Protein chains: 2
Amino acid sequence: MADFRGRPAYLQIADDIRSQILDGTLQAEDRLPSEADLMADYGVSRIVVRNAVEVLRSEGLVVKQQGRGSFVRAQRPQRTRVVGDLYSERPEASPFAASARASGQVPEWEYQTRRTTASKTIADRLGIQAGDPVMRTSYRFFADGEPAMLSTSFEPLAITEGTPVEQPEGGPVTGVVPRMDAIGIHITHVVEDVTGRSARPYEAETLKVPVGVPILAIERTYFAKSRPVETADIVVSSDRYVLSYRLPVPPRND
Amino acid sequence: MADFRGRPAYLQIADDIRSQILDGTLQAEDRLPSEADLMADYGVSRIVVRNAVEVLRSEGLVVKQQGRGSFVRAQRPQRTRVVGDLYSERPEASPFAASARASGQVPEWEYQTRRTTASKTIADRLGIQAGDPVMRTSYRFFADGEPAMLSTSFEPLAITEGTPVEQPEGGPVTGVVPRMDAIGIHITHVVEDVTGRSARPYEAETLKVPVGVPILAIERTYFAKSRPVETADIVVSSDRYVLSYRLPVPPRND
DNA sequence: TCGTCCTACTTGTTATAACGTGTTGAGTGC
DNA sequence: GCACTCAACACGTTATAACAAGTAGGACGA
């Protein structure tokens, strides 16, 4: 391995392979040369080729599978969670189901719901006191049988307790907007705070993605005027999802 | 090192340190025990402790500095890039400057602009042909002197060529919406496609973040009715930024 | 006093070696 | 023809060893 500028060998090898991926010499799903091959090709030890491939893995360009090899990862996410249109054009029962159907997939989900009390974080987001009763619902969404999205939502029981829509699922109406409408609360807007971070072990396991891959974490809160009526933590694999926000720009009035 | 269920030692050590970080035993900015200390503490070889710390690094919980040590990373992003309000309430010159001022920071930016031709990707996003001339502008935004956001924008020269707003910066008007207004093109909406991925080497270097930390990549396109008039690739560190989208939910009409 | 140098300590890089675990396909026996 | 076995091969884990390179603080000389 020629040593340019003292740059470590494993970075040079990573550069080399990366450029082959980016210029198309190595295509999506192609198998990289095995570690033994790379050792021979570049004349380095196994630890160097492992470091090189690890760099590409942490960049999300490559996935490794024990026993099979390392593969160029399909680059672009296949699914889109469209947000703007969902809310503004037809508030359907479930944003997830709507976006899944829009891309021709079969949506499924499972959920667990229970009464609990609000943590400080959740209380702050809902504008209530820590310890106030809330309805907590954990969802796990599947698209075409594959786990796709996790969501945990919280509603103040002060709003829904004793109404027909106390249960988020299984009642006569589903979906936050229609359910709240049914009890005379009209949702005016929704705020989504989006961050990116690495998948935590529980999330990686539940979403069936490799540990450490970047995920998108969304804090979504529905408001009726200035009053929060539901908040949720949503996690999607950024491998598989693009969040697409469509925002209106009103005409200027000057 | 007790060996539970055959789970690899480095994962157990990572679990151990992770729980110390999450429960506050190790606080933000605290130095982890050195590799030599961890080797002695757990009775394992250096490669094991390095693997363990690498796991935490890839999860974004720890940063390493050669010669100094490994440190618990400050967790929560401090800055918010507010999106919905910017477009819907007052289309200001620069979304970046507006959001920076909103959080009490001093916005600065540098840019390079030049004529070029559209790649296939950009052409698709702008609804033009690959090879058509475009104006390309690369921005690097700073907040309080620290690099905060990268952006590369493309405008079809078919729209702006020969007009006073051909140059995105330095002309009589700045900002996409006002500039397009000035030549009679009224932007109706903007689409932001958000993905998360690991920082690429160039981005890590330019944003001064450790390699491999998750970043948010935004493809933003401005539309005048159905016609795209500008598109940009925006990269922000998810360490430092939350994207906050505020979306209206119209009243039901059924 | 101040700057330089040196040393101790830290993580970074690389080599060699061995064994574990998961995958795959060829070969074998029924 | 089919199922099972097994060997070859892939990556996963761990040990030992050595030197490189960056940092910080103390010793030392001007």
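Everything numeric here is computed off the predicted structure, so don't read it as measured data. Convention: sequence-line order gives letters A, B, ...; per-chain numbering from 1.
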Please tell me whether B/T195 and B/R197 have a donor and an acceptor in their side chains that are separated by less than 3.5 angstrom.
no
Please assess B/E192 against B/Y245 for the test side chain to side chain donor-acceptor pair (under 3.5 Å), listing each intermediate value before the final yes or no. CA-CA 10 Å; B/E192 299 207 354; B/Y245 292 93; 2.6 Å; yes
Atom CZ of A/R7 and atom P of D/dA21 are separated, to the nearest Å, by 15 Å
Taken to the nearest whole Å, CD/A/E35 to C1'/D/dT13 is 12 Å
**Prompt:** Any side-chain donor-acceptor pair under 3.5 Å between A/S244 and B/D193?
**Reply:** yes
Min side-chain heavy-atom separation A/E230-A/T221 under 4.5 Å
no
At a 4.0 Å cut-off to heavy atoms of chain A, the contacted part of DNA chain C spans C/dT13 to C/dT24
**Side-chain donor/acceptor contact of A/Q66 with base of D/dA10 under 3.5 Å** = no
Whichever of B/V48 and A/G67 has the more 5' nearest nucleotide on DNA chain D, that residue is A/G67
Between CD1 of A/I47 and P of D/dT14 the distance, given in whole Å, is 13 Å
Taken to the nearest whole Å, OH/B/Y42 to C1'/D/dT14 is 17 Å
- Decide if atom CD of A/Q112 counts as having more than 12 heavy atoms of other residues, nucleotides or ligands within a radius under 6.0 Å. no
From CZ of A/R68 across to P of D/dA10 the rounded distance in Å is 13 Å
B/M39 CE to D/dT14 P, in whole Å, measures 14 Å
In whole angstroms, the gap separating C1' of D/dG12 from CZ of A/R46 amounts to 7 Å
Q: With the side chain counted from C-beta on, respond yes when B/F71 and B/Q65 share a heavy-atom pair under 4.5 Å apart, and no when they do not.
A: yes
Between CZ of A/R57 and P of D/dC11 the distance, given in whole Å, is 14 Å
